[in-house]
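Have a look at the structure below, then the notes.
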2 protein chains.
Amino acid sequence: MSGGRRPSLVSQVRTELLQEIGDGRLLAGDKLPNEYELADRFAVSRQTVREAIQSLVVSGHLSRQRGTGTFVTTAPSRHALDTNVSYTAMIRDAGLEPGETVLEVLRRPASAAEARALRLGSGQEVVAVERIRRGNDRPLIYSRDRIPADVLGDAGQERLSDSLYAMLEAAGHRVVGATARLLPVLADRRLSELLQVGEGAPLLHIHQVDRDTDDVPVMESDEWHVADAFDVIVNRRAPL
Amino acid sequence: MSGGRRPSLVSQVRTELLQEIGDGRLLAGDKLPNEYELADRFAVSRQTVREAIQSLVVSGHLSRQRGTGTFVTTAPSRHALDTNVSYTAMIRDAGLEPGETVLEVLRRPASAAEARALRLGSGQEVVAVERIRRGNDRPLIYSRDRIPADVLGDAGQERLSDSLYAMLEAAGHRVVGATARLLPVLADRRLSELLQVGEGAPLLHIHQVDRDTDDVPVMESDEWHVADAFDVIVNRRAPL
DNA sequence: GAGTGGTCTAGACCACCGT
DNA sequence: CGGTGGTCTAGACCACTCC
């Protein structure tokens, strides 16, 4: 009756190891017990331990060396661009107090470019949101987001106090991935006023399309970041 | 006697599925046979099929929906910043002919900042390389790379005709990951001359540290990219 | 309820690293 | 050589989606 599903064993082992890394029981460079011992300790199969470790390797917390052991890596960037789709979270992780000013919320027919990016038929509508995101009250990002009206459903014209990602998730479209194109640009008059920087100041323009669990595009965004607002970090890896 | 190790079954299944996606036997949106059928077809266990599929989900080629099936996604960006550590490859993938001009190769003691980033002791030396990377003969990137002399070993003062990544791999330090910090900047006089753009033109500055399989930092780089040189794409994903 | 992917096990053998 | 991670299997049961 009471909801609450049991987390998987893999996830339990992962969480426990993550805690040991987080609270200093395991330090960077430390060697983990071997997989058989860990399986014993957690009373699970070796396969289960391996999956937990694998997920921590992917997220950059551990590295494995065949024939040698598993080791704790130097902590990866938690607020990296590649592993986080929410700027609110990134601003907070950077140690700043996130805030925002909504400039405009508008429901209108999609442009040709939007229809292409969001795979919409002609005449379909989008909800367009224009915002200034702030960190410690300083303007950091000017953003224009467009979400198909169909995707939001009933939640269409509600308040935007929560993040757009929360709204999308509530509408049954959890965002799990996005493709971003990054481009350095100069602030024109309008951007310089919105972001309170000089005209010609360097900005980072990011054009992004977010996708949900079904790989359906659910939001298109254009953002302009103030240069030194917060570090934009990308974790890179060699192709498989 | 003849070397050639057999690729793992997982990798064989992965490769076969990738080919079917690549040559159009499987198109975006298509549903794959279920895991039991695939296991049958490839004469492997379901677990093996699952691992192959999992790796294609991570690389963005497939998406799984519990209770429904596994589907081919729209092709992910193959020359994305997050899944490729070589710019030569990225320039080539962007459809341009890569070229380079080496401005300087120098062996010198590491600076304090370099020693910190590369975890070097005092007095240790680095090999510093300054280059202009080109696409179709047009300057795209000005880069300064520093590699600890110890890491290169004998290959230290060889020619640089191959990529630095190839040199590192030959020296037993295959680069498998990197952390990059991106920052929009304006071209100063020197950069404008090197990259043949106007002074004050927007550039993307990337500071990067590459790591090998043992999570050891093996190269520190600073790069300045011409704004519209080629698209800088980042695939983003929600945290685990 | 039928079909699908998600989790988990116990056991086996292989490949690589260091001594 | 012993210890480690890497691969693979056969089978079981669970949870979700859709009809």
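Proteins come first, then strands; the chains are lettered A, B, ... in the order of their sequence lines, and each starts at number 1. Since we're looking at a predicted model, the values are computed, not measured.
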Subject >> side chain to side chain donor-acceptor pair (under 3.5 Å) against B:Ser55, all qualifying residues, sequence neighbours excluded >> reply: B:Arg14
**OP:** Specify the separation, in whole Å, of atom CD of B:Gln54 and atom C1' of C:dT4.
**Re:**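 Roughly 16 Å, once rounded to whole Å.
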**OP:** Measure the distance from CG on B:Asp214 to P on C:dC16 and round it to the nearest whole Å.
**Re:** 16 Å
Could you work out, with side-chain contact (heavy atoms from CB on, under 4.5 Å) as the rule, every residue matching [X], not counting sequence neighbours?
{"X": "B:Ala89", "value": "B:Asn84, B:Ser86"}
{"X": "B:Arg237", "value": "A:Val58, A:Asp82, A:Thr83, A:Arg237"}
{"X": "B:Arg211", "value": "B:Thr179, B:Asp215"}
{"X": "B:Leu120", "value": "B:Ala110, B:Ala115, B:Leu118, B:Gln124, B:Val126, B:Pro148"}

**OP:** List the protein contact pattern of nucleotides 3-8 of chain D with one symbol per nucleotide (5' to 3'): B for base contact, S for sugar-phosphate-only contact, - for none; contact means a heavy-atom distance under 4.0 Å.
**Re:** BBBBBS
